[in-house]
Trainee: 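Have a look at the structure that comes next, please.
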Amino acid sequence: MTASARPDARRNASPHLYGRETAAIAGVLEGGQYGHSDVTEEFERRIADFLGVPEAVAVASGTAALHTALLASGIGPGREVIVPSMTFCATVQAILAVGATPRFVDIDPATLCVSDQLLMDAVTDKTAAVLPVLFGGRPIDLRVIREELDERGVVVIEDAAHAFGSRHGTRRVGADGALTCFSFGPVKNLTCGQGGMVIPRTPAEADTIRRIRLLGVVQSQGERANTTSYRVDGFGLRYQLSAINAAVGLVQLDGFQATEDARRHLWRTYRDALAPLDGVTLVDVDVEHAVPHLCQVRVPNRDEVFANLRGRDIGVGVHYPPNHLQPAFAAWHRCLPATEQAGEEILSLPFHQHLTETDIDRVVTSLEQALKSVGGS
Ligand SMILES: *Cc1c(COP(=O)(O)O)cnc(C)c1O
């Protein structure tokens, strides 16, 4: 990569590579085992050790993690899954993939996350699961309602796609007993290129997810080599994590401490630089405990500010347009005032590990100028 090609503030997000990923991929290509392999299983063990959990099950994407977690929880047609509208559309598509109905809930405007109260108020007899999103990496603590929901037979599935590495107190997200789904997509805190991981609650749940991700086929590669057949034991999908992707994840995990430190440092640098700006509210991620995935602000006249900043070559983004306003999800629309207001005000600033303090200065100065030229606030 030449110096001029360094991903800078023109990019909203960008993967960070440690350099050994290329060699790791080449090693797998030369080894000849591209699908689910020992490398995938090593990656699962290393993630489980990192989190401090008995096991982790690798899948092809974060969406596949959510889909298989819902399937393994027995959720299907006629059942309702409570989900914040303020999330990536993947969360909603996973619910539709099992034939269940999304019931959209509002968020706490300060954090863009659901609260215990908002979730509990939405629970009905039809509720099969609640699917909170750890937005921006914020480690929301759901232990209190999880006990209550367990008693009512409602499963809690955490969409922790943004929150790999974040902590609840001293434990990492994924290690406090919840059924947890991570994404290792291109711009997530840790990337495999594409990939995902489910942290199951029990060995039986782990087995179910392992069976689903390999087309419902139970025998291992080794066993299959010695028989003339294979057994299909149940429903399944082609959802395994390829060894090529797992090899990238292993290198990323080795470097994760640096990622963690860098993302916290960048977020704090933004926080301090943004503090003097009028009319800008930073969305709090609980940086003491989070490995931040996004740096978001709320601004007046967002669409004009967005266009103005794009004109200045600043890679701003919007995470996310509310799902209950999407045409595909119109059947499940409800009135969600905090989400709708956030949908009009949120702006994601460039946030990735290639940014320098000079880049951040430029973003903040440009934001200040954009707010002035848009005016009317
Ligand atoms: C990225 C993401 C997903 C889906 O993960 P993929 O790996 O892209 O399939 C799900 N939920 C949220 C909140 C995400 O940001």
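Atoms within each ligand, like the ligands themselves, are counted from 1 in listed order.
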Trainee: Report the C-alpha separation of Asn245 and Tyr34 in whole Å, then their side-chain angles, then the decisive distance to 0.1 Å, and conclude whether the side-chain contact (heavy atoms from CB on, under 4.5 Å) test is met.
Mentor: CA-CA 9 Å; Asn245 295 104; Tyr34 300 172; over 6 Å; no

Trainee: Measure the distance from atom 12 (C) of ligand 1 to every protein heavy atom, then report the residue, atom name and distance (to 0.1 Å) of the closest one.
Mentor: Ala161 CB, 3.4 Å

Trainee: Looking at Ser37 and Ala243, would you say the former's side chain and the latter's main chain have a donor-acceptor pair under 3.5 Å?
Mentor: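 Not a single qualifying donor-acceptor pair exists.
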
Trainee: Check ligand 1 against Thr87 and write out every atom of the ligand that is under 4.0 Å from a heavy-atom position of the residue.
Mentor: 13 (C)

Trainee: Taking 4.0 angstrom as the limit and counting only heavy atoms of Ala90, give me the atoms of ligand 1 inside it, by number and element.
Mentor: 3 (C), 4 (C), 10 (C)

Trainee: Purely on distance, is any nitrogen or oxygen of Gly62 under 3.5 Å from one on ligand 1?
Mentor: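 Right, the criterion is met.
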
Trainee: Hey, is ligand 1 close enough to Lys188 that some N/O pair sits below 3.5 Å?
Mentor: yes

Trainee: What residue and heavy atom of the protein are closest to atom 15 (O) of ligand 1, and at what distance?
Mentor: His162 NE2, 2.9 Å

Trainee: Is there a polar contact, in the sense of an N or O pair closer than 3.5 Å, between Gln194 and ligand 1?
Mentor: no

Trainee: Looking at atom 9 (O) of ligand 1, what's its closest protein heavy atom, distance included?
Mentor: Thr63 OG1, 2.6 Å

Trainee: Under a single-linkage rule joining Ile, Leu, Val, Met, Phe, Trp and Tyr whose side-chain heavy atoms are separated by less than 4.5 Å, which residues share a cluster with Leu325?
Mentor: none

Trainee: Any idea which atoms of ligand 1 are less than 4.0 Å away from a heavy-atom of Thr91?
Mentor: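 The atoms of ligand 1 under 4.0 Å from a heavy atom of Thr91 are 11 (N).
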
Trainee: Which residue and atom name correspond to the protein heavy atom nearest atom 8 (O) of ligand 1, and how close is it?
Mentor: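 Atom 8 (O) of ligand 1 sits closest to the protein heavy atom Ser183 OG, 4.1 Å.
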
Trainee: Do Thr91 side-chain atoms and Thr87 backbone N/O form a donor-acceptor pair below 3.5 Å?
Mentor: no

Trainee: What is the nearest protein non-hydrogen atom to atom 10 (C) of ligand 1, stated with its residue, atom name and distance?
Mentor: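 Among all protein heavy atoms, the one nearest atom 10 (C) of ligand 1 is Asp159 OD2, 3.6 Å.
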
Trainee: For the rings on Tyr18 and His16, is their centre-to-centre separation under 6.0 Å?
Mentor: yes

Trainee: Are Phe164 and Phe50 close enough that their ring centres sit under 6.0 Å apart?
Mentor: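 They qualify: ring centres under 6.0 Å apart.
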
Trainee: Before we go on, tell me: are the rings of His162 and Phe135 under 6.0 Å apart, centre to centre?
Mentor: yes

Trainee: Has Tyr320 got any heavy atom lying under 4.0 angstrom from an atom of ligand 1?
Mentor: yes

Trainee: I'd like to know if Arg362 pairs up with Asp8 as an ion pair, taking the criterion as any Lys NZ or Arg NE/NH1/NH2 lying under 4.0 Å from an Asp or Glu carboxylate oxygen.
Mentor: no

